[in-house]
Amino acid sequence: MSLTPESLNFDEARLDKIRTIQEAGVPLYPAKFERKDTIEEIRQRFHAVGHEKSEDGVITAGRIFTVRDHGKTIFADLGDESGRIQLYIRKNDLGEEQFDFVNSNLDRGDIIGVTGHLFRTKLGEITIWVDQVTFLCKSVCALPEKFHGLKDIEKRYRQRYVDLIVNDDSREVFRTRSRVISLIRRYLEDRDFLEFETPILQPIYGGANARPFTTYHNFLEQKFFLRIAPELYLKRLVVGGFEKVFEIARNFRNEDIDTRHNPEFSMVEIYEAYKDFRDMMQLTEGIISVLVYTLHGKYDIAYGDETLRFEPPFRKLSMEDAVREIAGVDIHAHTPDELRELAKNNRIEDYEKPQTQREFLVLFFEGMVENKLIQPTFVYDFPIENSPLAKKHRVKEGFTERFELFINGMEIANGFSELNDPLDQLARFEDQDAKRRAGDMEAQMIDADFITALGFGMPPTGGVGLGIDRLVMLLTNRDSIKEVILFPQMKPEAVKSEELVEEVRNEGIEPPSKG
RNA sequence: GGGCUUGUAGCUUAGUUCGGUAGAGCGACAGACUCUUAAUCUGUAGGUCAAGGGUUCAAAUCCCUUCAGGCCCGCCA
């Protein structure tokens, strides 16, 4: 099936106008327009302009958002990235031929350049009194309605460019996202961290517990995984002698999609030699509180019905204390059988599986505590079974020096005193491998080269990973991760699905059969 | 994987309860209008009611299947 202007839903009337413009010999898609002023600059420079036309002229450009045709005059709104401004176009100024040409061929959505002078209308609106209009790009797709904009969530995600054109608040979300990444980078660079890029295509995946995407390299004739975390490579850099490193990493996890999970997501991972998990909590707290303060001018921000308070220090409590305080269960005061009964009474699912106090600790934490941690809260001291890359706790038998940061019930950060004992690491990997063989699709693979790296010696090191998407959700008051990811993962639309399957086949990759 | 729910014109939507020729606003098109700003006024066109099947004299509406969303739960250690 071939694509045509009709099948693409290009607007007939606008295609006609393109023909008219081209027949008139007017270039429709010129290569360049010398814009002298942005709309924001114009607004600032002419903020005091009066009802008389200004002496100074402006040359600006942008997209037409509304057109109000009054016969011999036109009012229109022109917008660029910096803002919007009204245009006033008169037949007297352009001359009859020019004016009629513009009037009959200009559409909402077109991109034009204008030259003119500034004045203030009777009603007080700063306006460009236009004396020349240049077509820069003819839009052949009609924009959504000017007043209601584009509301259809599915369409907003699938055609993000339209969402960005018409929804100011959506543009603001992604502006914030860009600033978040930039501020994190600056925060770390100011403290002499070096930013590196490590492999996304990995022969062995690790650094987290998750199912990977797989792919295949034809030349090497080898299966590769898209990384689920950059952790094991960044630690190799610490072995190599870089003492403060970070990576702003896109990770890929082949798992379910919901309001808090996208198959590809962004994380900043940070490692610092001669630090431990407590230092990393402090670093995390520093980054996040500075982000909040820089973006909002205060430490308190509204999120849904809550006010989140980011003034440091954040609350910190051990997992045992968190469970004791919030679930009302003292793990150490009960036998596993008693704990099972308690879990059952509290209607926690899977209460039959755990065997040890530590396993019940995790069960109670996940079942009764996690989603109640609304204000920024560090939870530390995790059972060793769930933390194969974290150092054993210096005093607490059976635990690791690991923490997670929770905000609004979401895991935002995860860090620990990094395990640097190669023999211990080998034992932990072997434990993970046994779980994998037993069918745990998310258990980690044994990475022999990583253990070898540790064999050369890694200094005591603190590390932390921060989920950028979720952080942006909090900072922009959005309740779905899709709202803060420009192009979230979606199923192809029905019509295109068959073609896609066909193309995938042609690539020699069979889509998994259903069932 | 389970539950609930949505899909009607380019966009925003009414109509679905209780079956009876699919309605509006914006946008488009034609026309009027030289300080409007969701401009206004007059007129015109535009619909496979997500797709397919069924029930019925008759289906946007009821039933079934499928597709694509959304919310919640499970899974995500």
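Quick note on labels: first sequence line is chain A, next is B, and so on, each numbered from 1. What's counted below: heavy atoms across the whole structure, side chains too, no hydrogens, waters or symmetry copies.
Side-chain to base pairing of E125(A) with U36(B): no donor and acceptor N or O lie closer than 3.5 Å to each other. One N or O donor and one acceptor, one from the side chain of H261(A) and one from the base of C76(B), sit under 3.5 Å apart. Put simply, the side chain of T121(A) and the base of U36(B) share a donor and an acceptor less than 3.5 Å apart. With hydrogens and angles ignored, a donor-acceptor pair under 3.5 angstrom links the side chain of E145(A) to the base of G25(B). Contact of D256(A) with G1(B) (side chain to base): no donor-acceptor pair of N or O atoms is detected under 3.5 Å. Side-chain atoms of E404(A) and base atoms of A77(B) include a donor and an acceptor less than 3.5 Å apart. With hydrogens and angles left out, the side chain of N92(A) and the base of U34(B) share a donor-acceptor pair within 3.5 Å.
Between U8(B) and A24(B), the distance separating the two C1' atoms is 13 Å to the nearest Å. Only the C1' atoms considered, G46(B) is 25 Å distant from U6(B), to the nearest whole Å. With both ends at atom C1', the span from G20(B) to U61(B) equals 11 Å, rounded to whole Å. For the P atoms, the distance from A58(B) to U5(B) is 29 Å, rounded to whole Å. A distance of about 35 Å separates the C1' atoms of G3(B) and G10(B), rounded to the whole Å. For the C1' atoms, the distance linking C49(B) with G43(B) amounts to 27 Å, nearest Å. The P atoms of C67(B) and A22(B) are separated by 30 Å, rounded to the nearest whole Å.
Within the 4.0 angstrom heavy-atom criterion, only backbone atoms of the sugar-phosphate kind lie near Y157(A); the bases stay farther away. Using a 4.0 Å heavy-atom criterion, one finds that K91(A) contacts no nucleic acid atom at all. As judged by a 4.0 angstrom heavy-atom cut-off over every strand, E370(A) is placed among residues making no nucleic acid contact. Residue-level contact check: K353(A) touches neither bases nor backbone, having no heavy atom under 4.0 Å from any strand. Within 4.0 Å (heavy atoms only), S387(A) reaches no atom of the nucleic acid at all. E255(A) comes within 4.0 angstrom of sugar-phosphate atoms only, judged by non-hydrogen atoms across all strands, and of no base. When heavy atoms are screened at a 4.0 angstrom cut-off, E385(A) is found touching no nucleic acid atom at all. Residue E442(A) is in sugar-phosphate contact alone, with no base atom involved, counting any heavy-atom pair closer than 4.0 Å across all strands shown. Using a 4.0 Å heavy-atom distance criterion, R84(A) is classed as making no nucleic acid contact.
In this model, no donor atom of one side chain and acceptor atom of the other lie less than 3.5 Å apart for H261(A) and E255(A). In this structure, a donor-acceptor pair under 3.5 Å is absent between the side chains of Q432(A) and R437(A). Side chains of Y233(A) and E231(A): no donor on one and acceptor on the other come within 3.5 Å. With 3.5 Å as the limit, one finds no donor-acceptor pair spanning the side chains of S139(A) and D110(A). N420(A) and K391(A) share a donor-acceptor pair across their side chains, judged by distance under 3.5 Å alone.
Residue K72(A) has its side chain nearest to U34(B) when only U34(B), U13(B), U36(B) are considered. Considering only the side chain of I153(A), G70(B) comes nearest among G70(B), C29(B), C35(B). Considering only the side chain of P144(A), C11(B) comes nearest among G70(B), U36(B), C11(B). For E154(A), the listed nucleotide lying nearest its side chain is G69(B); candidates were G69(B), U37(B), C35(B). Taking every side-chain heavy atom of D107(A) into account, C29(B) is the closest of A68(B), C29(B), U36(B). Side-chain proximity of F147(A) to A28(B), A38(B), U37(B): nearest is A38(B). Here the side chain of W129(A) is nearest to one of C29(B), U12(B), C35(B), namely C35(B). For D258(A), the side-chain atoms get nearest to C75(B) when compared with the rest of C35(B), C11(B), C75(B). Considering only the side chain of R158(A), G69(B) comes nearest among C29(B), G69(B), C35(B).
In this structure, R14(A) does not reach the C29(B) phosphate: none of its side-chain N or O atoms is under 4.0 Å from OP1 or OP2. For K146(A) and U37(B), the shortest distance from a side-chain N or O to OP1 or OP2 is not below 4.0 Å. Side-chain nitrogen and oxygen atoms of R68(A) include at least one within less than 4.0 Å of the OP1 or OP2 phosphate oxygen of A39(B). The shortest distance between the side-chain N/O atoms of K155(A) and the OP1/OP2 oxygens of C11(B) is below 4.0 Å.
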Below 3.5 Å between N/O atoms, which protein atoms pair up with nucleotides 30-32 of chain B? Just atom names and distances, please.
none

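Checking U44(B) for Watson-Crick or G-U wobble geometry (two distances, each under 3.5 Å) identifies A28(B) as its partner.
Between I64(A) atom CD1 and A39(B) atom P there is a gap of 13 Å when expressed in whole angstrom units.
Mapped onto RNA chain B by nearest heavy atom, H148(A) and R90(A) fall at different nucleotides, with H148(A) at the one closer to the 5' end. Where N209(A) and H51(A) each meet RNA chain B at their nearest nucleotide, the meeting point lying more 5' is that of H51(A).
When atom types are taken as modelled, the side chain of R358(A) and the backbone of F382(A) share no donor-acceptor pair closer than 3.5 angstrom.
At a threshold of 4.0 Å, the pair D168(A)-R171(A) counts as salt-bridged, since one of the basic side-chain nitrogens sits closer than that to a carboxylate oxygen. The residues R253(A) and E264(A) are annotated as not salt-bridged, no charged nitrogen and carboxylate oxygen being separated by less than 4.0 angstrom.
Ring pair F406(A)/F365(A) is perpendicular by interplanar angle, where above 60° counts as perpendicular and below 30° as parallel.
Evaluated for a ring pair (Phe, Tyr, Trp, His ring centres under 6.0 Å) with F403(A), the options F378(A), F277(A), F416(A) yield exactly one hit, F378(A).
Closest non-hydrogen pair, F46(A) versus R120(A), comes out as O-NH2, 4.5 Å.
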